[in-house]
2 protein chains.
Amino acid sequence: MTTLTNSILEAVREGAGFPEAFTPLHEPEFAGREEDYVADCIRTGWVSSVGSFVDRFEADLAEFTGCSRAVATVNGTAALHIALKCSGVQAGDEVLLPTLTFVATANATSYAGAIPHFVDSEATTLAVCPEALRSHLEECAEKRDGGCFNRKTGRRIAALVVMHAFGHPAQLDPLLELCREWSIPLVEDAAESLGSYYQGRHTGGFGLVSALSFNGNKILTTGGGGAILTNDPAIADRAKHLTTTARISDGWNFTHDEIGYNYRLPNLNAALGCAQLERITDMLQRKRALAMRYKALFKDIAGVRLLEEPQGTESNYWLCTLVLEQFDHQLHTEVLSALNDAGLMARPVWTLMHRLPMFADAPRADLSCAERLAVQIINIPSSPKLFAAPAGAGGDV
Amino acid sequence: MTTLTNSILEAVREGAGFPEAFTPLHEPEFAGREEDYVADCIRTGWVSSVGSFVDRFEADLAEFTGCSRAVATVNGTAALHIALKCSGVQAGDEVLLPTLTFVATANATSYAGAIPHFVDSEATTLAVCPEALRSHLEECAEKRDGGCFNRKTGRRIAALVVMHAFGHPAQLDPLLELCREWSIPLVEDAAESLGSYYQGRHTGGFGLVSALSFNGNKILTTGGGGAILTNDPAIADRAKHLTTTARISDGWNFTHDEIGYNYRLPNLNAALGCAQLERITDMLQRKRALAMRYKALFKDIAGVRLLEEPQGTESNYWLCTLVLEQFDHQLHTEVLSALNDAGLMARPVWTLMHRLPMFADAPRADLSCAERLAVQIINIPSSPKLFAAPAGAGGDV
């Protein structure tokens, strides 16, 4: 084992509080009224796609994020699919998205009948690189008929999806400026960035429409769940319509005016979300404190850094991320092995999208920064409980 | 109000037990260990797409239905989508399905990139009519290259979806025979038929693959949920793969070998399902008793009949269905109004699929029986609790 690997192992072990048992990457924390709220659903019989917790969860999410509307969905992938449809993406269009993302971003593009067009990320935020995207658009795109088109494929470039990786906000201002110049709607994949702010405003409120995820590994979980955020009431109404099988009621007659989806979040899951959201500030504070502890531990270790929230942003530090200085596949593997072997769960970034067989032929920009990041990034245990016992948990503290 | 309408109103009122409050069409019943199991998920932290209740729910469903495998999904629409993909349906194919069905059947066909081809139902089961389908195939289809093709459109006819309406089993034997003759895979939309048997065997086990639904209005609910049933282990494995984002793991590296879906049922919802399934026999017995009570009340009312389980089948009587003798739009509306105005929730059948704008151009057979049934069918309150208080509920009985 190299000295660097050993130093990383010891720092992670200390940062995680010298755990004696296996330490997952990110565990949910239920220390509030989760049981009460879920039991309430069962006692009242309101467990399915209509119910007071769904309404409340949507209102609470809108208030927390500062967006005018939230539409709860069955998961984050469904939210992204509908966000893309609501942004105007049509079958045969191309959608710009980072190759460095979870597969849902690219899959949702496919569900909308569109073709992913992969772009590069940058090392400060791990998100779409505005400069690289500008060069790429200048090289391959042209504006006509009020839209942006790929000169090589002839297809319309219908949207840019910006994903806030591991909770760190992307460079939204330059990206929004670029999208305005090229007449491309910006959609935020905010699946990982609940509780993350850019220039003081919550992520998800900058694009035309955005998607949240409440999967079990996220800061806030509903078991499975997601939400669409927007400040445009017409988009919110359309999102609600599309996620409710595009149903129109006229007395006891129901009809459907387009192909819709069974994408609404059940009340049972929304109940969990309401309880989780009551405690999110506490969880965010402890996650930040954990990140600061890791930061201090890694400050003097040469060859690796803890990814810090970009300037002008406040990150939720969903996952604490180490970035190795060198592009060294062997070192990357050695560090991952050492951590996992020690029971400290560690993971590389996702397999880059352009390397997946189903997207092998998709158009793409130069992706060299993402390629380098793929052998530099290591995510380490990041559960809020690693910092301190939750305030309301247990009676033996 | 006509005499017939008045007789129907009084019979439904008596059948429902002279309720004093508004009476829904179908309410869920939580009288078992629902709260315990859901609380267990929260206490252990296992609420998301992996967990012991998901495994148990799949095993329990397989045992209850007698199918070799069940794959739990986020809802019945997702189950149908994957069932169609697993049956070999490809983009550009046609799928035969009844016009008399819930919109999910046709939507799922569209999600698979296929075109619905609507066929007629018959009045005994309300399901696909084997005789009418035989005539229609003889008129429009031909076998070639080992498959069945629509001579008019040139497209492959890739599957027949048989939906067991309101729980009554379709005429599976003649439909299976027809599918064998024409080399068309049969897929069962068993969303409404959990607890329904054809010739002594549970529905859902006859086709190549089938779909269940556990929406809030179903006999068994998981809030939102569904399952894929099959006796083919390769199909079950593929269904699991497709519903789990087509993920392949190699140590800590994850990749995806095709476009997959985020369709797994969360453990929180599966927990509810496990508790519900423990009590399904009791719920089915009381639903049957309720249907028998309605049957006796309607026996001597001329001009209307309670739809009975077809010969050789055992129906779950998910919804009790009245069928008016006449094809009289005005009478149909009058009866629906009278029941709903009296607080006895009543609903017509779904808007027929071929009348929906997005399917207006879809190929179709003669649909005259379904057209008639649309002004004959009235569903009436069918909750199990209408028969008697659940055995384990309350302490003050």
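Chain letters run A, B, ... following the sequence lines, proteins first and then strands; every chain starts at 1.
- Contacts with chain A were tallied for B:Asn262, B:Leu356, B:Asn253; B:Asn262 has the most, counting heavy-atom pairs under 4.5 Å.
- For the side chain to side chain contact (heavy atoms under 4.5 Å, CB included) with B:Trp252, the qualifying choice from A:Leu339, A:Thr333, A:Ile378 is A:Thr333, the only one to do so.
- For A:Asp361, the CG atom sits in a loose shell: 12 or fewer heavy atoms of surrounding residues, nucleotides or ligands are nearer than 6.0 Å.
- Comparing A:Leu265, A:Val38, A:Thr222, A:Ile42 by heavy-atom pairs within less than 4.5 Å of chain B, the highest count is held by A:Ile42.
- With chain B as the partner, the residue from A:Pro348, A:Gly224, A:Gly225 showing the most heavy-atom pairs under 4.5 Å is A:Pro348.
- Relative ring orientation between A:Tyr111 and B:Tyr261 is described as parallel, the plane-to-plane angle staying below 30° on a 0-90° scale split at 30° and 60°.
- Between chain A and the options B:Val349, B:Asn269, B:Val74, the largest number of non-hydrogen pairs under 4.5 Å is found for B:Asn269.
- No other option in A:Glu27, A:Arg347, A:Glu258, A:His256 has as many heavy-atom pairs under 4.5 Å with chain B as A:His256.
- Options B:Thr77, B:Asn107, B:Val50 differ in how many heavy-atom pairs under 4.5 Å they form with chain A, and the most are formed by B:Asn107.
- Among the candidates A:Arg43, A:Arg355, A:Glu34, A:Arg264, the residue making the largest number of heavy-atom pairs closer than 4.5 Å to chain B is A:Arg43.
- Taking 4.5 Å as the limit, every side-chain heavy atom of A:Val103 sits out of range of all side-chain heavy atoms of B:Phe254.
- Between A:Met358 and B:Asp257, the shortest heavy-atom contact is SD-C, 4.1 Å.
- Options B:Ala246, B:Gly216, B:Gly260, B:Gly76 differ in how many heavy-atom pairs under 4.5 Å they form with chain A, and the most are formed by B:Gly260.
- Per-residue heavy-atom pair counts under 4.5 Å with chain A were compared for B:Leu272, B:Thr221, B:Asn267, and the maximum is reached by B:Leu272.
- A donor-acceptor contact shorter than 3.5 Å links the side chain of A:Ser48 to the backbone of B:Gly223.
- Around the CH2 atom of A:Trp46, the shell of radius 6.0 Å holds no more than 12 heavy atoms that belong to other residues, nucleotides or ligands.
- Closest approach of B:Ala39 to A:Glu35, counting heavy atoms only: CB-OE1, 3.6 Å.
- Most heavy-atom pairs under 4.5 Å with chain A, from the set B:Ala104, B:Pro28, B:Ser337: that is B:Ser337.
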